[in-house]
S.K.: 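What follows is a structure written as structure tokens; I'll ask about it next.
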Amino acid sequence: MYFLHRFNGWKTWSVGLLAFVLLLGGCSSEGQSGGTANGKWKVTTTTGMVADIVKQVGGDHVEVTQLMGSGVDPHLYKASEGDIKRINDADIIFYSGLHLEGKMVEIFEKIGAKKPVKAVTARLTKEQLLADPAAPNSPDPHVWFDVSLWMKAVEQVRDDLAAFDPAHKDTYTVNAEKYLKELKALDEYARNQLATIPKERRVLVTAHDAFHYFGRAYDVEVMGLQGISTASEYGLKDVQGLVDTLVSRQIKAVFVESSVPKRSIEAVVQGAAAKNHTVIIGGELFSDAMGAPGTPEGTYIGMVKHNVDTIVKALQ
């Protein structure tokens, strides 16, 4: 499924990538602003989770532009002309990595010769990563669902910003330490809250396999209709197999995701109903994208708390 995702739509992306490379060829490093008019560094990020780290660590020294907004699926994302300008105008770029952003990685590799381009997951070791079940040599990119692993991403951003802007290294260090303390408390909150669900009911069923790090970290059994990438296809056999599991184990709730169409999970609910087993949709979880800006779920901490609270309420 991962390799299907990597090569799906290759022709379309080849054209787009070629246009991007040609555009870069016409841009010189002299055209870069070297920061904004108010003295802040221009930072372009991909997902909301990455943007949130950079805002927390960079503080007043960065102006963050986020390419992928609320409800956007990074697996299927394609860069627009506006994104190309934002990438080209940035002083430094941060992305999640582990192929979460699909073909955009090729763009980052091209522009990496001109400016710093950093993957926030760069320091995670092979032992810390989970594999894609469909492609054992490929990592599962959804590491932010284990808060303790996402703390490593904070440390990565801290060090990358300090290396890029050593004049403000102390500020980045202080900001990171403050945020890491908040994340440690969040990790404990998630662990304690999920432990209140009886073990036999601690089963999380979602549209795609985004929650395996969450399951490993907080002792939750995880099932997904689609594979790790939403570009992977699911069919009647997949729906029926999940329905049979729900019926046989008397699982009462499933969850939709904000960045994945609801129809896949709705098909599972209908299939269970046809077998005289009632399954409710326990709520909407944020998986590959955070909530809207200005809402609690529009921050990483708020997103994780929302997911934990939603799961606990439905499964208790």
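The analysis underlying the following values was restricted to heavy atoms, covering all of them including side chains, and did not include hydrogens, waters or symmetry mates.
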S.K.: If we only count heavy atoms from C-beta on, is the Lys184 to Met151 side-chain gap below 4.5 Å?
M.R.: yes

S.K.: Residues two or more places apart in sequence or in another chain: which of them pass side-chain hydrogen bond (donor to acceptor under 3.5 Å, both in side chains) with Asn307?
M.R.: none

S.K.: For Thr65, does its backbone N or O pair with a side-chain atom of Thr45 as donor and acceptor, under 3.5 Å?
M.R.: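 Yes; at least one donor-acceptor contact below 3.5 Å.
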
S.K.: Could you grab the distance from atom CD of Gln66 to atom CG of Asp52, nearest 0.5 Å is fine?
M.R.: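 If I round to the nearest 0.5 Å, the distance is 9.0 Å.
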
S.K.: Look up atom OG1 in Thr245 and atom CD in Gln240, then write down how far apart they are to the nearest 0.5 Å.
M.R.: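 It is 10.0 Å, given to the nearest 0.5 Å.
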
S.K.: Take atom NZ in Lys305; do more than 12 heavy atoms of anything else shown fall under 6.0 Å from it?
M.R.: no

S.K.: So, Arg202 side chain and Glu221 main chain: donor-acceptor pair closer than 3.5 Å or not?
M.R.: no

S.K.: The criterion is salt bridge (charged side-chain N to carboxylate O under 4.0 Å, His left out); which residues satisfy it with Asp187, sequence neighbours excluded?
M.R.: Arg191

S.K.: So Ile197 and Gln316, do their side chains get closer than 4.5 Å, heavy atoms only?
M.R.: yes

S.K.: With a 4.5 Å cut-off on side-chain heavy atoms, are Glu284 and Glu297 touching?
M.R.: no

S.K.: Rounded to the nearest 0.5 Å, how far apart are CZ of Arg216 and CG of Asp146?
M.R.: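 Interatomic distance, Arg216 CZ to Asp146 CG, rounded to 0.5 Å: 6.0 Å.
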
S.K.: Just by distance, no angles: are the side chains of Asn192 and Glu188 close enough, under 3.5 Å, to form a donor-acceptor pair?
M.R.: no

S.K.: May I ask you to decide if Val256's main-chain N or O and Lys262's side chain share a donor-acceptor pair within less than 3.5 Å?
M.R.: no

S.K.: Please lay out, stage by stage, how Asp288 and His75 fare under the test side-chain contact (heavy atoms from CB on, under 4.5 Å).
M.R.: CA-CA 8 Å; Asp288 291 340; His75 297 284; 3.0 Å; yes

S.K.: How about Arg86 and Lys42: do any of their side-chain heavy atoms sit closer than 4.5 Å?
M.R.: no

S.K.: Evaluate the criterion side-chain contact (heavy atoms from CB on, under 4.5 Å) for residue pair Phe286 and Thr310; output intermediate values, then yes/no.
M.R.: CA-CA 10 Å; Phe286 295 94; Thr310 301; over 6 Å; no

S.K.: When rounded to the nearest 0.5 angstrom, what distance separates CG in Asp309 from OH in Tyr189?
M.R.: 3.5 Å

S.K.: Which residues pass the side-chain hydrogen bond (donor to acceptor under 3.5 Å, both in side chains) test with Gln270, sequence neighbours left out?
M.R.: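 Applying side-chain hydrogen bond (donor to acceptor under 3.5 Å, both in side chains) to Gln270 gives none.
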
S.K.: Surrounding CG of Asp244 (heavy atoms of other residues, nucleotides or ligands, distance under 6.0 Å), is the total greater than 12?
M.R.: yes

S.K.: For Lys313, enumerate each residue passing the salt bridge (charged side-chain N to carboxylate O under 4.0 Å, His left out) test, keeping only those at least two apart in sequence or located in another chain.
M.R.: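 For Lys313, no residue satisfies salt bridge (charged side-chain N to carboxylate O under 4.0 Å, His left out) once neighbours in sequence are set aside.
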
S.K.: Considering only NZ, NE, NH1 and NH2 on the basic side and carboxylate oxygens on the acidic side, decide whether Glu200 and Arg249 come within less than 4.0 Å.
M.R.: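 No salt bridge links Glu200 with Arg249.
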
S.K.: Suppose we screen for side-chain hydrogen bond (donor to acceptor under 3.5 Å, both in side chains). Which residues come up paired with Ser96, at least two apart in sequence or across chains?
M.R.: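 Testing Ser96 for side-chain hydrogen bond (donor to acceptor under 3.5 Å, both in side chains), a comparison that skips the adjacent residues, returns none.
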
S.K.: Could you tell me which non-hydrogen atom of Leu98 sits nearest to which non-hydrogen atom of Pro139, and how far apart they are?
M.R.: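 The pair with the smallest heavy-atom distance is CD2-CG, 3.9 Å.
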
S.K.: Could you tell me the separation between the OG1 atom of Thr46 and the OH atom of Tyr77, rounded to the nearest 0.5 Å?
M.R.: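 It comes to 9.5 Å.
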
S.K.: Taking all atoms of both residues into account, what is the closest heavy-atom pair of Ser70 and Ala292, and its distance?
M.R.: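 That closest heavy-atom pairing would be OG-N, 3.6 Å.
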
S.K.: Is there a donor-acceptor pair closer than 3.5 Å between any side-chain N or O of Lys252 and the backbone N or O of Gly282?
M.R.: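 Not at all, since once roles are kept as given, no pair shorter than 3.5 Å links the two residues.
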
S.K.: Please report the shortest heavy-atom distance between Val239 and Ala267, naming the atom on each side.
M.R.: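 Reported closest heavy-atom pair: CG1-O, 4.0 Å.
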
S.K.: Would a distance-only check, ignoring hydrogens and angles, find a side-chain to backbone donor-acceptor pair under 3.5 Å from Tyr95 to Val105?
M.R.: no

S.K.: Any donor and acceptor pair, going by atom type alone, linking the side chain of Glu101 with main-chain N or O of Gly97 inside 3.5 Å?
M.R.: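 Yes, because the side chain of Glu101 sits within donor-acceptor range (under 3.5 Å) of the backbone of Gly97.
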
S.K.: Answer whether the closest heavy-atom distance between the side chains of Leu100 and Trp144 falls below 4.5 Å.
M.R.: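 The answer is yes; the side chains approach within 4.5 Å.
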
S.K.: Of all residues at least two apart in sequence or in a different chain, which pass the side-chain hydrogen bond (donor to acceptor under 3.5 Å, both in side chains) check with Asp165?
M.R.: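 Partners of Asp165 under the side-chain hydrogen bond (donor to acceptor under 3.5 Å, both in side chains) test: Trp41, His168, Tyr172.
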
S.K.: What's the shortest heavy-atom distance between Asp140 and His212, and which atoms?
M.R.: OD2-CB, 4.0 Å

S.K.: Lys178 vs Glu182, test: salt bridge (charged side-chain N to carboxylate O under 4.0 Å, His left out). Steps then yes/no.
M.R.: CA-CA 7 Å; Lys178 178 178 180 293; Glu182 294 175 3; 2.9 Å; yes

S.K.: Salt-bridged, Lys78 to Asp83, with N to O below 4.0 Å?
M.R.: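 So Lys78 does not pair with Asp83 through a salt bridge.
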
S.K.: Applying side-chain contact (heavy atoms from CB on, under 4.5 Å) to Thr206 and Ile265, what does each step give before you reach the verdict?
M.R.: CA-CA 7 Å; Thr206 58; Ile265 283 297; 5.6 Å; no

S.K.: Does the Gln128 side chain pair with the main chain of Thr125, one donor and one acceptor, at a distance under 3.5 Å?
M.R.: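 Yes, because the side chain of Gln128 sits within donor-acceptor range (under 3.5 Å) of the backbone of Thr125.
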
S.K.: Please give me the minimum heavy-atom distance between Met303 and Ala289, naming the atom from each residue.
M.R.: SD-O, 4.1 Å

S.K.: Identify the heavy atoms of Val222 and Gly215 that sit nearest to each other, and give their distance.
M.R.: CG2-CA, 3.8 Å

S.K.: Is any side-chain heavy atom of Leu285 closer than 4.5 Å to a side-chain heavy atom of Phe211?
M.R.: yes

S.K.: Give, for atom CG of Leu204 and atom CZ of Phe145, the distance between the pair rounded to the nearest 0.5 Å.
M.R.: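 Reported value, rounded in 0.5 Å steps: 9.0 Å.
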
S.K.: Might you work through the side-chain contact (heavy atoms from CB on, under 4.5 Å) test for Leu194 and Asp219, ending with a clear yes or no?
M.R.: CA-CA 8 Å; Leu194 290 160; Asp219 195 21; over 6 Å; no

